[in-house]
Amino acid sequence: MKHFLTLKDLTPAELKLLIQRAVELKKLHQHGEIYQPLKGKVLAMIFEKSSTRTRVSFESAMIQFGGGSIFLSPDDTQLGRGEPLEDSARVISSMVDAVMIRTFAHSKIETFAKYSSVPVINALTDEFHPCQLLADMQTYQEHRGDIKGKKVVWIGDGNNMCHSYINAAEQFGFTLNIATPEGYEPDAAIVEASKADVQLFNDPKAASEGVDLVVTDVWASMGQEEEQRKREQAFAGFQVNQQIMDLANKDALFMHCLPAHRGEEVSAEVIDGPQSVVWDEAENRLHAQKALLEFLIGE
Ligand code: CP
Ligand code: NVA
């Protein structure tokens with residue numbers, strides 16, 4: 001049995017196959033073909049933070065695959081009233097075929113996985129967001145082909161998405177420039193583990209020269225709402241705008257996991273412009289996670 005807590009839980013070869021499969025599953029779906037490899041299977045979905053894309057994509061994936069899903073919020077379960085994670089993991093996993101979790105500390109999902117008898121999928125923690133990277137890698141593949149050997153710039157906060165980009169650089173074989181304000185760098189241990197593929201900058205312009213993909217994310221993540229003001233000041237000068245896109249290669253793409261704040265981390269001109277692939281990126285959450293579910297719990 002495998003879990004998917006970070007991109008490093010799969011080998012580069014497995015990830016490559018998974019992206020190819022996501023592309024195929026998307027075509028099947030677009031041709032209106034019914035494909036139900038998960039008939040009778042159930043996915044439990046524990047959400048301790050808000051979500052639009054992750055919830056809709058996992059629920060739709062399970063329905064389209066012939067199975068079902070259960071949405072569990074801490075407000076309505078004993079998890080929110082302090083039932084130990086270990087006990088909850090044993091009980092929930094005894095009744096379903098996989099568990100998807102969006103939570104705060106990454107250690108919580110690790111604990112859950114340790115006591116779960118079925119695969120556990122990380123649907124975002126404070127440290128990582130690997131499902132989003134599957135969709136991003138599929139999107140790059142569909143628009144530009146193999147990302148291996150390409151150059152990517154991450155501009156903004158050294159957050160969960162940034163950490164998963166670092167993992168992706170190693171697993172998919174691209175170079176990653178990371179431009180953050182001082183004090184907002186990604187976790188040093190995560191950088192160290194992939195240091196051959198990653199370079200840190202404090203100047204977004206220098207980091208963007210000649211890149212093939214420009215990626216950003218919100219300045220204040222879920223759970224950091226009270227830091228919004230302070231962060232707006234710290235990140236002034238880190239907006240992805242046309243000036244940044246002009247430094248990148250001519251055929252560079254722009255990605256953002258969404259939700260986005262136009263006028264903060266990205267200008268409207270860029271996110272709604274011709275280089276932006278954010279809508280494909282969001283849709284691909286569905287197809288990439290179908291490939292993941294098939295890989296983890298299919299026959
Ligand atoms: N990108 C992403 O995970 O979106 P949601 O928070 O809407 O699920
Ligand atoms: N970094 C953001 C990603 C949202 C999908 C957050 O954690 O809120």
Side-chain angles (χ1 to χ4, degrees), residues 4-7 22 43-62 69 71-74 99-109 121-140 154-168 176 178-181 184-187 190 213-228 230-232 234-235 238-240 254-262 264-266 271 276-290 292-293:
F4 185 62
L5 306 189
T6 77
L7 287 174
L43 174 71
M45 308 195 304
I46 299 171
F47 280 98
E48 297 192 331
K49 292 177 177 174
S50 304
S51 168
T52 297
R53 281 144 288 271
T54 304
R55 179 175 176 183
V56 175
S57 54
F58 269 112
E59 277 198 35
S60 296
M62 287 308 293
S69 63
F71 176 79
L72 299 165
S73 92
V99 181
M100 183 234 82
I101 306 178
R102 169 168 285 196
T103 189
F104 294 86
H106 191 72
S107 58
K108 284 178 86 174
I109 203 170
I121 298 170
N122 180 357
L124 183 146
T125 60
D126 289 345
E127 280 91 344
F128 296 102
H129 194 7
C131 287
Q132 182 67 51
L133 262 291
L134 297 180
D136 287 23
M137 294 299 102
Q138 179 186 353
T139 307
Y140 193 89
W154 173 270
I155 299 178
D157 192 14
N159 64 11
N160 45 9
M161 275 296 299
C162 179
H163 293 155
S164 283
Y165 258 94
I166 296 172
N167 287 170
L176 181 64
I178 299 173
T180 68
Y184 292 91
E185 290 85 3
D187 181 87
I190 297 172
L213 170 63
V214 180
V215 194
T216 190
D217 186 14
V218 291
W219 292 338
S221 285
M222 289 182 276
Q224 298 173 331
E225 288 79 6
E226 75 291 349
E227 291 178 32
Q228 176 70 27
K230 184 181 116 191
R231 284 172 170 264
E232 273 171 29
F235 287 88
F238 283 77
Q239 184 186 76
V240 176
F254 170 75
M255 291 191 198
H256 188 312
C257 64
L258 307 178
H261 299 91
R262 288 173 177 75
E264 287 183 32
E265 75 273 8
V266 60
I271 194 168
S276 170
V277 289
V278 296
W279 311 123
D280 291 337
E281 185 188 358
E283 181 191 326
N284 282 339
R285 293 293 302 278
L286 171 67
H287 310 298
Q289 286 157 204
K290 276 176 147 175
L292 177 67
L293 289 164

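Since the model is a prediction, treat every value here as computed from it, not as a measurement. These numbers come from the heavy atoms of this one structure, side chains and all, not from hydrogens, waters or symmetry mates. When a ligand or atom number is given, it counts from 1 through the structure's own listing order.
Under 4.0 angstrom from ligand 2, there are no non-hydrogen atoms of Asp126. Contact annotation for Arg55 and ligand 1: no heavy atom of the residue comes within less than 4.0 Å of the ligand. At a 4.0 Å heavy-atom cut-off, ligand 1 does not touch Lys49 at all.
In this structure, Tyr184 has its ring center no closer than 6.0 Å to that of Phe238.
Inter-residue side-chain proximity for Tyr165 and Asp217 is flagged as unmet; no heavy-atom pair is nearer than 4.5 Å. For the pair Thr125/Lys108, no side-chain contact is recorded, criterion being any heavy-atom separation below 4.5 Å from C-beta on. By the 4.5 Å heavy-atom criterion applied to side chains, His163 and Thr6 are not counted as neighbours. Contact annotation: the side chain of Phe235 never approaches that of Ile155 to less than 4.5 Å [non-hydrogen atoms, C-beta and beyond]. Between Ile166 and Trp154 there is no side-chain heavy-atom pair separated by less than 4.5 Å. Contact of the Leu133 side chain with the Phe128 side chain is not registered, since no non-hydrogen atoms from C-beta on lie closer than 4.5 Å.
Closest heavy-atom approach to atom 6 (C) of ligand 2 among the candidates Ser164, Ala220, Ser221: Ser221.
For atom 4 (C) of ligand 2, the closest non-hydrogen atom on the protein side is Leu124 CD1, 3.9 Å. Atom 8 (O) of ligand 2 has Met222 N, 2.8 Å as its closest protein atom, hydrogens excluded (heavy atom only). The closest protein non-hydrogen atom to atom 7 (O) of ligand 1 is Thr52 N, 2.7 Å. Nearest to atom 2 (C) of ligand 1 among the protein's heavy atoms is Arg285 NH1, 3.3 Å. Nearest protein heavy-atom neighbour of atom 7 (O) of ligand 2: Asn160 ND2, 2.8 Å. Protein heavy atom closest to atom 3 (C) of ligand 2, with residue, atom name and distance, is Asp217 OD2, 3.6 Å.
Close approach of ligand 2 to Asn159 (heavy-atom distance below 4.0 Å) involves ligand atoms 1 (N). Residue contact check: His129 has heavy atoms under 4.0 Å from atoms 2 (C), 3 (O) of ligand 1. Using a 4.0 Å cut-off to heavy atoms of Leu258, the atoms of ligand 2 that qualify are 5 (C). Close approach of ligand 1 to Arg53 is summarised as follows: ligand atoms under 4.0 Å from at least one heavy atom of the residue are 1 (N), 2 (C), 4 (O), 5 (P), 7 (O), 8 (O).
Considering backbone and side-chain atoms alike, His129 places every N or O at 3.5 Å or more from each N or O of ligand 2. Residue Cys257 has at least one N or O atom closer than 3.5 Å to an N or O atom of ligand 1. Here's the thing with Leu258: one of its N/O atoms is less than 3.5 angstrom from an N/O atom of ligand 1.
One finds a salt bridge joining Lys49 and Asp126 here, because a Lys/Arg side-chain nitrogen approaches an Asp/Glu carboxylate oxygen to under 4.0 Å.
Residues Pro259 and Glu265 come closest through the heavy atom pair O-OE2, 4.4 Å.
With Cys131 as the partner, the side chain to side chain contact (heavy atoms under 4.5 Å, CB included) test is satisfied by one option alone out of Leu7, Asn122, Asp136, Leu292: Leu292.
For the ligand labelled ligand 1, residue Arg102 lies inside the 4.0 Å heavy-atom shell.
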Inset, instruction - Start with the C-alpha gap between Ser57 and Gln289, add the side-chain angles, then the distance that decides, and say whether side chain to side chain donor-acceptor pair (under 3.5 Å) holds. - result: CA-CA 8 Å; Ser57 54; Gln289 286 157 204; 2.9 Å; yes

